[in-house]
Amino acid sequence: MQGTTKISTNVENNLDSEIEQRVTALIGRMTLSEKIGQLNQLDASWGHPPDYLGPRIRDGGVGSILNTADPAIVAELQRIAIEESRLGIPLLTGRDVIHGFQTVMPIPLGQAASWHPALVQRASRASSAEASRAGINWTFAPMIDVTRDPRWGRVAESPGEDPYLAGEMAKALVRGVQGESLDDPESLAACAKHFAGYGAVEAGRDYAATNVPPNEMRNVHLRAFRAAVDAGAATVMTAFTDIDGVPATANEHLLSDVLRDEWGFDGMVVSDWDSVRQLEIHGFTDSEATSALAAFKAGVDMEMVGESYSRHLEAAIDGDATLLQRLDNAVANVLRLKFRMGLFDGRAAARGQTEWTAQAITEVSRELARASVVMLRNEKNTLPLEVDRLKSVAVLGPLADAPYQQLGTWIFDGVVDRSVTPLTALQDALKGSAEVRYDQVFETSRSRNLVNLSSAVNLATQSDVAIVFLGEEAILSGEAHCRADIRLPGAQEALVKALAACGTPLVGVILAGRPLALGAVAECFDALLYAWHPGSQAGPALADLLLGQASPSGKLPISFPVMSGQVPVYYSQKNTGKPATDDTIAHIDAIDSYAPQTSIGMTSYHLDAGFRPLYPFGFGLSYGTFVYAPTRLSASTMTGNDVLRVSTTVKNEGLRSGDEVVQLYLRDVAASLTRPVKELIGFQRVQLAPGESTDVVFEVAAKDLGFYGPRGRWVCEPGEFHIAIGGDSRVELSERFTYIEN
Ligand code: BGC
């Protein structure tokens with residue numbers, strides 16, 4: 001590891017002078033090893049942690065612990081820190097509260113599918129309240145890595161493919177986690193992760209290299225982080241990955257130049273799990289000591305496990321004034337957070353009344369699960385099912401009654417007993433009116449054993465409707481759980497085809513941690529609900545939708561490929577010099593073997609998959625039928641001081657009420673860096689009764705037209721823009737206006 005040490009200074013504006021005085025005074029009393037101790041985060045997940053962590057904490061060698069949520073253990077470790085260490089500095093107690101604590105909310109990708117930031121914020125508030133009761137004060141969430149690769153297992157944790165939607169989710173999640181104030185006993189410190197570009201891992205294979213050039217980094221990957229920091233995220237976690245040769249955990253440009261100097265972040269940076277020592281494995285450093293120094297100099301304040309800081313920083317610093325200054329800066333970042341959280345001031349004791357009763361947490365979990373479901377098909381209004389007319393319902397499939405699987409990935413503290421499965425919920429809802437006949441068919445989502453196929457088909461044949469619950473078990477997505485072939489696993493496609501052939505209306509409900517490639521089976525379903533992993537309340541939420549107590553209102557936060565090989569396929573692609581159109585493509589089956597080379601279209605597409613996804617970003621059906629009037633603009637030109645009003649009228653011409661997510665897309669036609677063919681720049685959720693209409697207005701300012709330009713600065717360049725409002729990313733950008741610089 002080569003290079004100079006650049007010490008970033010925090011922007012002073014937001015600093016609370018009383019806290020800063022306390023931080024400075026405390027640092028003045030600390031020994032070198034106590035300072036380094038504050039940068040050390042240790043694992044408390046095994047054995048009896050007070051035995052092996054107690055002495056270290058007592059000696060001032062630990063600033064934070066992670067991975068225990070046992071209230072008695074957490075309290076004991078905290079007590080040792082406060083009462084028995086020389087300076088009484090409390091611990092940050094970290095936990096992956098990723099989508100719920102004991103009551104599990106939908107996976108983050110599902111939450112993003114709700115396009116409902118206010119509800120997402122409430123749910124994350126509920127989870128923070130629940131976790132705080134176990135003594136947790138820091139969550140490693142939100143994960144806001146934009147990704148266009150559903151093969152990547154961590155797509156389940158991500159907000160999907162779009163920087164703007166990801167930014168809105170980031171803000172909502174940070175606000176939910178941290179509440180009005182960090183020292184509220186129900187607030188946790190948030191952690192925006194993984195900084196940055198992790199979602200671009202090659203081939204969707206976890207931990208693989210990322211090659212993210214500056215334009216892509218700024219305009220795609222960093223935007224949600226900027227939103228999280230602006231919303232006050234207390235901490236940021238570095239990514240495991242190598243970015244174009246410089247691993248994120250030693251990336252001075254990102255951690256110092258961008259995060260600190262440019263964005264004015266005054267919180268704390270933590271590494272990912274042992275990612276400091278992994279710098280050597282990456283081939284960026286040649287020893288544990290140089291790894292520690294590289295991460296430390298680049299701007300990682302706290303090391304998550306690994307302990308290379310504890311082992312090597314003292315010797316490395318050895319009177320070096322610059323490194324000592326960096327040390328005080330890192331320690332200040334840790335202590336400032338602890339003061340802001342009120343940890344020195346008896347925060348836990350201050351707990352009072354809470355709105356987050358067990359029932360309130362369950363209710364928000366059900367509401368968000370309902371809002372996260374995306375209806376992908378509904379031929380001949382198969383859904384909602386008319387309960388009065390149903391005599392028998394076949395409930396089939398490996399995920400109909402799988403209390404653990406419906407929770408999804410990252411549920412360390414999820415209580416499986418709180419799961420209500422779709423089978424149970426449908427049995428309850430239909431009790432006394434229709435017979436529910438159940439067949440699991442496959443032991444797991446991966447089973448290839450077709451032995452139960454014919455009995456399942458018989459059950460479907462004899463029933464008024466068949467609802468088949470398919471998808472992926474929880475373990476097939478999440479960290480390090482990537483798939484190269486993202487079709488329905490096992491023999492599920494065969495089941496779908498067999499059920500489709502039997503003539504009974506077929507409703508598919510897919511529970512999965514990623515978009516699956518459904519090209520081979522989508523049309524077999526009369527209706528199809530995509531439920532992600534919905535969490536504890538999967539059953540009630542899905543029964544509400546299937547039986548028409550509520551209308552589906554989710555929209556896809558990520559495009560669904562026709563087949564795995566089409567990945568990445570996303571709506572905000574660049575136009576290329578040879579964009580495909582329906583007239584310029586040929587299908588592989590229709591090509592003459594001797595067709596001259598250029599005769600089948602010289603445009604950008606796959607012979608076997610075309611150029612469109614199976615289901616586009618922003619797409620989702622409802623029981624309402626929403627019709628959009630042409631987009632209206634308040635002017636055909638705008639300057640930097642103007643606000644352009646972009647509006648439409650949306651009418652529900654259907655027979656049922658529902659929520660519609662109204663979306664605003666823009667294109668900057670020519671710019672100094674090529675811009676995507678379309679970019680989401682706003683959305684609003686409206687609720688419309690049958691026959692009702694409403695005007696939806698977006699106010700667009702010059703800042704909404706901009707992008708990070710060639711020098712990494714936000715620019716808004718004069719010229720022509722295309723814009724329109726619609727119900728998904730296929731909307732044609734029919735309106736034009738010119739932006740004139742003043
Ligand atoms: C993950 C992080 C997580 C950490 C602690 C790592 O493997 O990448 O997202 O917060 O473990 O559990």
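Counting starts at 1 for both ligands and their atoms, in listed order.
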Exercise. Go through S187 and R125 one step at a time and tell me if the side-chain contact (heavy atoms from CB on, under 4.5 Å) criterion holds.
Key: CA-CA 8 Å; S187 291; R125 189 75 200 139; 3.1 Å; yes

Practice problem: May I ask you to identify the nearest protein heavy atom to atom 6 (C) of ligand 1, giving residue, atom name and distance to one decimal place in Å? | Solution: D272 OD1, 3.0 Å

Quiz item: Is the number of heavy atoms from other residues, nucleotides or ligands within 6.0 Å of OH (Y404) greater than 12?
Solution: no

Practice problem: Within a distance under 4.0 Å of any heavy atom of F140, pick out the atoms of ligand 1 and give their elements. | Solution: 10 (O)

Quiz prompt | Proximity of Y164 and W115 rings by center, below 6.0 Å | solution = no

Quiz prompt | Shortest protein heavy-atom distance from atom 3 (C) of ligand 1, along with the residue and atom involved | solution = D96 OD1, 3.3 Å

Quiz item: Would the number of heavy atoms belonging to other residues, nucleotides or ligands and lying under 6.0 Å from CZ of R79 be above 12?
Solution: yes

Quiz item: Are any of the side-chain heavy atoms of D266 and R340 separated by less than 4.5 Å?
Solution: yes

Quiz item: Tell me, do M105 and I361 make a side-chain contact under 4.5 Å, heavy atoms counted?
Solution: yes

Quiz item: Against heavy atoms of K193, which atoms of ligand 1 measure under 4.0 Å?
Solution: 2 (C), 3 (C), 9 (O), 10 (O)

Exercise. Please verify whether a non-hydrogen atom of H194 lies at under 4.0 Å from ligand 1.
Key: yes

Quiz item: Any idea which part of M237 is under 4.0 Å from ligand 1, heavy-atom wise: side chain, backbone, both or neither?
Solution: side chain

Quiz item: Hey, what do you get for CG (L173) to CD (Q111), rounding to the nearest 0.5 Å?
Solution: 6.0 Å

Self-check item: Shortest protein contact, atom 1 (C) of ligand 1 (heavy atom only)
Solution: E479 OE1, 3.2 Å

Quiz item: Are any of the heavy atoms in E157 under 4.0 Å away from ligand 1?
Solution: no

Exercise. Check Q41 against ligand 1 and report side chain, backbone, both or neither, counting heavy atoms closer than 4.0 Å.
Key: neither

